[in-house]
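Working notes, structure below.
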Amino acid sequence: MGKSLAYKILENHLLEGELKAGEEIAIKIDQTLTQDSTGTMAYLQLEAMDIDQVVTDSIAYIDHNMLQTGFENPDDHLFIKTCAEKYGIKFSKPGGGICHQVHLENFAKPGKTLIGSDSHTPTAGAMGSLAIGAGGLDVAVAMAKGFYFVKLPKVYQLELINSLPKTANAKDVILTILGKLTVKGGTGYIMEYTGDGVKSLSVTDRATICNMGAELGATTSIFPTDRNTLDYLKSQGREEDYLELRADKDAFYDESLQIDLAKIVPSVAKPHFPDQYEKVKNLGKIKVDQVAIGSCTNSSYQDLMKVASILDKRRVHPDVSLAIAPGSASILEKITENGALAKMIRAGARILEAGCGPCIGMGQAPQSGAISLRSFNRNFKGRSGTFDAKIYLASPETCAASAVLGYIADPSELDYELEFENPKTFYHPTSYMIDVLPKDKRPKETIKGPNIKPYPLAEALVEKIEKVLVFKAKDGVTTDDICPSNAKLLPYRSNIPYLSEFSFTTMIPDFKKRCQENGGGLIVGGENYGQGSSREHAALIPLYLGIKAVVAKSFARIHRSNLINSGILPLTFKNPLDYEKIDEFDKLVIDHIFASLDRGIFILEDKNKDIRIELEGDFSQREKNILLEGGYLNYAKNLKIGE
Ligand code: MIC
Ligand code: SF4
């Protein structure tokens, strides 16, 4: 039986372990990326590893914390810049664009491995790169040592047939897949795209699809390479990076789903999760107050040209605010040069700088109770910066048509032509990219502003945990709940004590107080606990507040690793119905932890109810050692692999 493309790349990078689904393997990492909202912490951890220079081809992007309403964000940018200079890392200045878009343009390479401290790192799968999102500490270790550990996922084949109709976008494809498989459907899988329909999709279409594989919970997503990949690389002036890659004809896949592109129609994800699928046509005329176009999902040159074609000679509805953030300086330069930007401005759009912007609530929070339609990838409650706003996700075409008509509209309601040429070459924003400094020019010290506080250090596991259940959460807790992020809070990503004030405030007002009054505690959660962002702050805050274990029905992959890296036990109910038996503020005991770690079965005693509940903790030997040694930083310092 032949191999999938994903397994071929993994095999080429295997350092330790066997290619058996479910086994933990160590792979060689070729490239890393960081962004600023997770990067400050990642670089503090890199500094703690006491190295001279990184061993990977690494890029530090500034794209999230762009509003400079005080000294905090610019101080963090400077800290990251000095780290990049000191350790031999390329630096993408603010204004250069969103990390995933700029990486696709300039660095993503077929057949290479990439890990990034951002959950949407798999966007580079559009280029046939095996790209995985991870916590900042995992990325710091990869930069210092060149390896990354991952439980080998199974492979899910998505066979594409036919081609998209004019009004449908690659976004509608991934929204359709999310509707079928849900936000948990990709957990434990690599999503691999195959079939005749692949050739009808451009690299940027493929990037949209790989990007939102993160919302499926998948480890990563990947496309084969072909003529379109070569043309894209040529347009970016790096034809020599092309490599033809595809799965074997008789490749083995654990699961398979066929998607007929011809049947894809304009779609939305309704509030408040990306899998709340509905066809635009079935919505009725939902009035919109705000429309936002951009983000690492849909801010490519092609997407913005489609938007300009729809807005051409039209006017944004008087009741709508339309914001557009281009994905990169290179795209902004092209749409400025060819007049597309002028069409957007004439229509009344608000043009933002190239960056994440409203996607992470960095400005453009909608009005109270607003309906906001966005070409982004996440619509969790509160993420926009306005708690009672309702966010719908859609394609850039649906967004543009809706901005004009004032309600969520199928783009076919408007007449427009999509005839534009793809540029033969793009401008290369070297002005925004600072290359690796020669060794003799590198600074000896990094510069840290006063907002950068020491991060909490994990403690070695103890034999018995005896704590109160300080919070019992429902299904689908996101990292935006555990560590809310918006323009006011993002500047404190290097200040865990301050951030801890806001933890879980989307759900309860007094999580921190509960922890303080009870000397820390335990958290209980439902399905897919910790879905969403890769931010390790969602583990560092609980660590800081004395949380010793999180018991849930299931965990999202990156968050589970972040908990282990921070020395917090992530355990699951053996019987999910046991979730119902325990209540907030019950006294809970988990004893005989060392022996339980070996058995993989833990016993939770509820002293109030006088019951015992079986929990599971399926840890690899490395994960057990991390927990026993008090976190990944301690464990990784002296670790060597593949030598
Ligand atoms: C996000 O989209 O949620 C973010 C902001 O890009 C995060 C990273 C972060 O929390 O800083 C992500 O996706 O990993
Ligand atoms: Fe930035 Fe939004 Fe993409 Fe996260 S999802 S990297 S915030 S554009």
Exercise for the section: Take Tyr156 and Tyr253 through the test ring pair (Phe, Tyr, Trp, His ring centres under 6.0 Å) and record every step on the way to the result. Expected result: CA-CA 6 Å; Tyr156 207 129; Tyr253 292 104; 9.4 Å; no
Practice task
Give the C-alpha distance, both sets of side-chain angles, the deciding distance and a yes or no for side-chain contact (heavy atoms from CB on, under 4.5 Å) between Thr219 and Ile132.
Solution key: CA-CA 6 Å; Thr219 305; Ile132 304 179; 4.2 Å; yes
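- With a 4.5 Å cut-off on side-chain heavy atoms, Leu499 and His537 count as touching.
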Exercise for the section: May I have the step-by-step check of side-chain contact (heavy atoms from CB on, under 4.5 Å) for Ile564 and Leu627, ending in yes or no? Expected result: CA-CA 6 Å; Ile564 296 172; Leu627 289 163; 4.1 Å; yes
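- In this structure, Lys553 satisfies the cation-pi test against Tyr579, with its NZ or CZ atom closer than 6.0 Å to the six-membered ring centre and inside 45 degrees of the ring normal.
- Using a 3.5 Å distance cut-off with no hydrogens or angles, the side chains of Asn228 and Ser202 do not pair a donor with an acceptor.
- Inter-residue side-chain proximity for Thr121 and Leu114 is flagged as met; some heavy-atom pair is nearer than 4.5 Å.
- Looking at Glu623, its side chain does come within 3.5 Å of a backbone N or O of Ser620 through a donor-acceptor pair.
- A donor-acceptor pair is defined here as one N or O able to donate and one able to accept, closer than 3.5 Å; no such pair exists between the side chain of Ser129 and the backbone of Thr113.
- Pairing each heavy atom of Pro456 with each of Tyr544, the nearest pair is CG-CB, 4.0 Å.
- Between the side chain of Ser503 and the backbone N or O of Ile482, at least one donor-acceptor pair lies under 3.5 Å.
- Checking side-chain atoms of Asn562 against main-chain N and O of Ser534 turns up a donor-acceptor pair under 3.5 Å.
- Atom-to-atom distance recorded for Leu14:CG and Ile27:CD1 is 8.5 Å, nearest 0.5 angstrom.
- A pairwise comparison of heavy atoms in Ala549 and Ile590 identifies CB-CD1, 4.4 Å as the closest pair.
- One finds no salt bridge joining Lys154 and Glu255 here, because no Lys/Arg side-chain nitrogen approaches an Asp/Glu carboxylate oxygen to under 4.0 Å.
- Classified by interplanar angle (parallel below 30°, tilted 30° to 60°, perpendicular above 60°), the ring pair Tyr61/His103 is perpendicular.
- In this structure, Tyr529 and Phe555 have perpendicular ring planes: the angle between them is above 60°, well past the 30° mark.
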Exercise for the section: Could you walk me through whether Asp226 and Arg206 pass the salt bridge (Lys or Arg N to Asp or Glu O under 4.0 Å) test, one step at a time? Expected result: CA-CA 12 Å; Asp226 56 12; Arg206 297 173 193 179; 2.8 Å; yes
Handout entry: Residues His120, Cys296; criterion side-chain contact (heavy atoms from CB on, under 4.5 Å); working and verdict
Key = CA-CA 8 Å; His120 292 104; Cys296 55; 3.9 Å; yes
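- Checking side-chain atoms of Asn162 against main-chain N and O of Asp260 turns up no donor-acceptor pair under 3.5 Å.
- When side chains are defined from C-beta on, Leu261 counts as touching Ser200, because their heavy atoms get closer than 4.5 Å.
- Between Lys548 and Glu459, at least one side-chain nitrogen of the basic residue sits less than 4.0 Å from a carboxylate oxygen of the acidic one, meeting the salt-bridge criterion.
- Remark: side-chain polar atoms of His13 are paired, donor with acceptor, to backbone N or O of Ile9 under 3.5 angstrom.
- Shown here for Tyr7 and Leu19, the closest heavy-atom pair between the two residues is O-CD1, 3.9 Å.
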Handout entry: Test side-chain contact (heavy atoms from CB on, under 4.5 Å) applied to Asn575 and Asp578, step by step
Key = CA-CA 6 Å; Asn575 175 3; Asp578 285 340; 3.8 Å; yes
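- Salt bridge Asp248/Lys8: present, at least one basic N to carboxylate O contact under 4.0 Å.
- Nearest heavy-atom pair, Thr479 versus Gly530, reported as atom, atom and distance to 0.1 Å: CG2-O, 3.6 Å.
- Remark: Lys279 does not engage Asp172 in a salt bridge, criterion side-chain N to carboxylate O under 4.0 Å.
- Separating the CG atom in Leu181 from the OG1 atom in Thr187 is a distance of 10.0 Å, to the nearest 0.5 Å.
- Side-chain contact check for Gln35 and Asp63: no donor-acceptor pair (N or O, by modelled atom type) lies under 3.5 Å.
- The neighbour count for Lys3 NZ, taken as heavy atoms of other residues, nucleotides or ligands under 6.0 Å away, does not exceed 12.
- There is no side-chain donor-acceptor pair under 3.5 Å between Glu244 and Thr225.
- The backbone N or O of Ile582 lies less than 3.5 Å from a partner atom in the side chain of Lys472, making a donor-acceptor pair.
- To the nearest 0.5 Å, the span separating CD1 on Ile465 from CG on Leu588 amounts to 10.5 Å.
- Lys145 places a side-chain N or O within 3.5 Å of a backbone atom of Ala636 that can act as its donor or acceptor partner.
- A salt bridge links Arg383 and Asp480; the closest N-O separation between the charged side-chain nitrogens and carboxylate oxygens is under 4.0 Å.
- The closest side-chain heavy-atom distance from Val550 to Pro570 is not below 4.5 Å.
- Counting only N and O atoms by type, the side chains of Lys171 and Asn298 include a donor and acceptor under 3.5 Å apart.
- Here the closest non-hydrogen pair linking Ser395 and Asn169 is CB-CB, 3.5 Å.
- Here the straight-line distance linking atom OG of Ser554 with atom CZ of Arg560 works out to 11.5 Å at 0.5 Å rounding.
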Exercise for the section: Mind running salt bridge (Lys or Arg N to Asp or Glu O under 4.0 Å) on Arg378 and Glu215 for me, showing each step along the way? Expected result: CA-CA 8 Å; Arg378 289 185 174 145; Glu215 276 54 62; 2.8 Å; yes
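- For Phe273, the ring pair (Phe, Tyr, Trp, His ring centres under 6.0 Å) criterion is met by Phe380, not counting sequence neighbours.
- A donor-acceptor contact shorter than 3.5 Å is absent between the side chain of Thr56 and the backbone of Ser58.
- Residues Tyr193 and Ile222 form no side-chain contact, since every pair of their non-hydrogen atoms from C-beta on lies 4.5 Å or further apart.
- Among Ser117, Ser37, Ser485, the single residue meeting the side chain to side chain donor-acceptor pair (under 3.5 Å) criterion with Arg535 is Ser485.
- Here the straight-line distance linking atom CZ of Arg557 with atom OG of Ser119 works out to 9.0 Å at 0.5 Å rounding.
- Side-chain contact between Asp138 and Ser561: present, with at least one pair of heavy atoms (C-beta onward) separated by less than 4.5 Å.
- Checked by atom type and distance alone, the side chain of Thr208 never pairs as donor or acceptor with a backbone atom of Ala170 at under 3.5 Å.
- Ion pairing between a basic and an acidic side chain is recognised when a charged N comes within 4.0 Å of a carboxylate O; Glu16 and Arg622 show no such pairing.
- No hydrogens or angles considered: a donor-acceptor pair under 3.5 Å links the side chains of Asp481 and Thr478.
- Between Gln45 atom CD and Leu633 atom CG the span is 6.0 Å, to the nearest 0.5 Å.
- For the residue pair Asn377 and Asn211, a side-chain donor N or O sits within less than 3.5 Å of a side-chain acceptor on the partner.
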For residues 262-269, please give each side-chain donor-acceptor pair under 3.5 Å, one per line with the distance, not counting sequence neighbours.
{"unit_1": "Ser267", "atom_1": "OG", "unit_2": "Val265", "atom_2": "O", "d": "2.6"}
{"unit_1": "Ser267", "atom_1": "OG", "unit_2": "Tyr277", "atom_2": "OH", "d": "3.1"}

